[in-house]
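Worksheet for the structure shown next.
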Amino acid sequence: MSDTSINVPAVSVIVPMRNEAENVAPLSAEIAPALTRRRFEVICVNDGSTDGTQAELKRLRERHPWLRQLRHACSCGQSAALRTGIAAARAPVIVTLDGDGQNDPVFLPNLVDALEQGGPRVGLIAGQRVGRKASGFKKLQSRIANAVRSAILRDGTRDSGCGLKAFPRDLALALPYFDGLHRFLPALVRREGCDVGYVDVIDRPRRHGTSNYGMWDRLWIGILDLGGVWWLIRRRKRVPEISEE
Ligand SMILES: Nc1nc2c(ncn2[C@@H]2O[C@H](COP(=O)(O)OP(=O)(O)OP(=O)(O)O)[C@@H](O)[C@H]2O)c(=O)[nH]1
Ligand SMILES: [Mg+2]
C-alpha cells in the first residue's frame, strides 16, 4: 500500500457494522489485497455497537491508515450507517459491503470496473448473490420478498438485498432518504433516470456473531417500505433541464 492511498482515494468502501467485533480483522485483511490496483479508503460505520467493535477498529487503524471508523452513539440502523459513510466518503465512487463476512471482498474490483465501464448513464452496479448460504427459511423469505418487490416496482432486479453495491457518491446523496432505503436502491436509481448493472457474487455464510434482523423487520417493515417506494415512483416528475439566460 502506498502512502498516497490515504490522500485522495478513488474508491470509498463503506461497511456498516453493528456488533461485528470478530469480523473486523478478517474482513479488513481481505479488502486491502482486493483493491491493490486502486487508491482506496475503508469507512467502517460502527452503528452503536455494544461489543468490542470500537476497540477492534481502533486497534486495526494503527496498522492500516486507510481504515476509518465513524461511530454512531447509539444504533440507528443499516441505512443510517450507509448514509453516514457516504456523506463522509472522500472518493467519487462508493462500494458497500456487509460487515459480517457474507460478502466476499474479492468482488469489489468487479463492481468498480462495471461501474466505470458502464459510462455516465449507469447509476448502480448491484451484486446478485448466487449459492446463498442462509438457512432454508431465510432463503424462502428473501425469495418471496424479492419476487413481490420486483413484481410491484418492476425494477428488473433479481436480488436487491445483497450488501455488495457500487454507485457514484453524488447520486446516492441525491436519493430520497428513509430507513430501509438500502434494500430499494435499484428502483430508486432508475427513478433518477439512471441504468442499473449487475454482477454475480458468491455468497458466504456469516463468519461470526448473529444476524441483526428478525423476520418482522424483514417482511413487515419491507412491505411498508415497498408501499413507500411504489408511491415515490408513481409521483416522480420529469426532472427539469435548467438553463440560465
Ligand atoms: N440489521 C442491522 N444491521 C446493521 C445495523 N447497523 C449496522 N448493521 C450492519 O449491516 C450489515 C447487514 O446486517 P446483517 O445482520 O448481516 O443482515 P443480513 O445480511 O441482511 O442478514 P443475515 O443473512 O441474517 O446476516 C452487517 O454488517 C451489520 O453489522 C442495524 O441497525 N441493523
Ligand atoms: Mg448478514
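These numbers come from a predicted model, not from an experiment. Counting convention: from 1, in listed order, for ligands and their atoms alike.
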Quiz item: Any side-chain donor-acceptor pair under 3.5 Å between Ser75 and Asp47?
Solution: yes
Quiz item: When you check the side-chain N and O atoms of Gln69 and Asn46, is any donor under 3.5 Å from an acceptor?
Solution: yes
Quiz item: atom 9 (C) of ligand 1: which protein heavy atom is closest, and how many Å away?
Solution: Pro16 O, 3.4 Å
Quiz prompt | Polar side chain donor-acceptor pair, Ser243 to Glu245, under 3.5 angstrom | solution = yes
Quiz item: Got a donor-acceptor contact below 3.5 angstrom from the Glu56 side chain to the Val24 backbone?
Solution: no
Exercise. Assess Ser75 for proximity to ligand 1: is some non-hydrogen atom of it under 4.0 Å away?
Key: yes
Quiz item: Do Val15 and Asp98 come within less than 4.5 Å of each other through their side chains, counting heavy atoms only?
Solution: no
Quiz item: Can you tell which of Asp47, Thr53, Leu97, Asn46 gets a heavy atom nearest to atom 5 (C) of ligand 1?
Solution: Asp47
Exercise. Would you mind checking which non-hydrogen protein atom is closest to atom 26 (C) of ligand 1, with the distance to 0.1 Å?
Key: Glu20 OE2, 3.4 Å
Quiz prompt | Protein contact to atom 19 (O) of ligand 1 [nearest heavy atom, distance to 0.1 Å] | solution = Gln102 OE1, 3.0 Å
Quiz item: So, Arg149 and Asn146: side-chain donor and acceptor under 3.5 Å apart, yes or no?
Solution: yes
Quiz item: For atom 7 (C) of ligand 1, what's the nearest protein heavy atom and its distance?
Solution: Arg18 CB, 3.6 Å
Quiz prompt | Donor-acceptor side-chain pairing of Ser12 and Glu41 below 3.5 angstrom | solution = yes
Quiz item: Between Thr210 and ligand 1, is there a nitrogen or oxygen pair with a distance under 3.5 Å?
Solution: no
Quiz item: Which atom, among the N/O/S set of Asp100, is closest to the Mg ion (ligand 2)?
Solution: OD2
Exercise. Say whether Gly99, considering both its backbone and side-chain N or O atoms, lies within less than 3.5 Å of an N or O atom on ligand 1.
Key: yes
Quiz item: Would a distance-only check, ignoring hydrogens and angles, find a side-chain to backbone donor-acceptor pair under 3.5 Å from Arg190 to Cys194?
Solution: no
Quiz item: Does any N or O in the side chain of Asn19 come within less than 3.5 Å of the main-chain N or O of Asp51, such that one atom is a donor and the other an acceptor?
Solution: yes
Quiz item: Is Ala81 in polar range of ligand 1, meaning some N or O pair under 3.5 Å apart?
Solution: no
Quiz item: Going by heavy atoms in the side chains, are Val112 and Pro109 under 4.5 Å from each other?
Solution: no
Self-check item: Distance-only polar pair, side chains of Tyr198 and Thr157, donor-acceptor under 3.5 Å
Solution: yes
Practice problem: Please could you name the atoms of ligand 1 that Asp100 approaches to less than 4.0 Å, counting only its heavy atoms? | Solution: 16 (O), 19 (O), 25 (O), 27 (O)
Practice problem: Looking only at protein heavy atoms, identify the closest one to atom 17 (O) of ligand 1 and say how far it is in Å. | Solution: Tyr213 CD1, 3.3 Å
Practice problem: Among all protein heavy atoms, pick out the one at the shortest distance from atom 3 (N) of ligand 1; state its residue, atom name and that distance to 0.1 Å. | Solution: Asn212 CB, 3.5 Å
Exercise. Look at atom 21 (O) of ligand 1 and say which protein heavy atom is nearest, naming residue and atom and giving the distance to 0.1 Å.
Key: Arg218 NH2, 3.3 Å
Self-check item: Nearest-neighbour protein heavy atom for atom 14 (P) of ligand 1, which is reported as residue plus atom name and distance
Solution: Arg206 NH2, 3.8 Å
Practice problem: Any atoms of ligand 1 less than 4.0 Å from a non-hydrogen atom of Asp98? List them with their elements. | Solution: 11 (C), 12 (C), 19 (O), 27 (O)
Quiz item: At a non-hydrogen distance cut-off of under 4.0 Å, which region of Met17 contacts ligand 1 (side chain, backbone, both, or neither)?
Solution: backbone
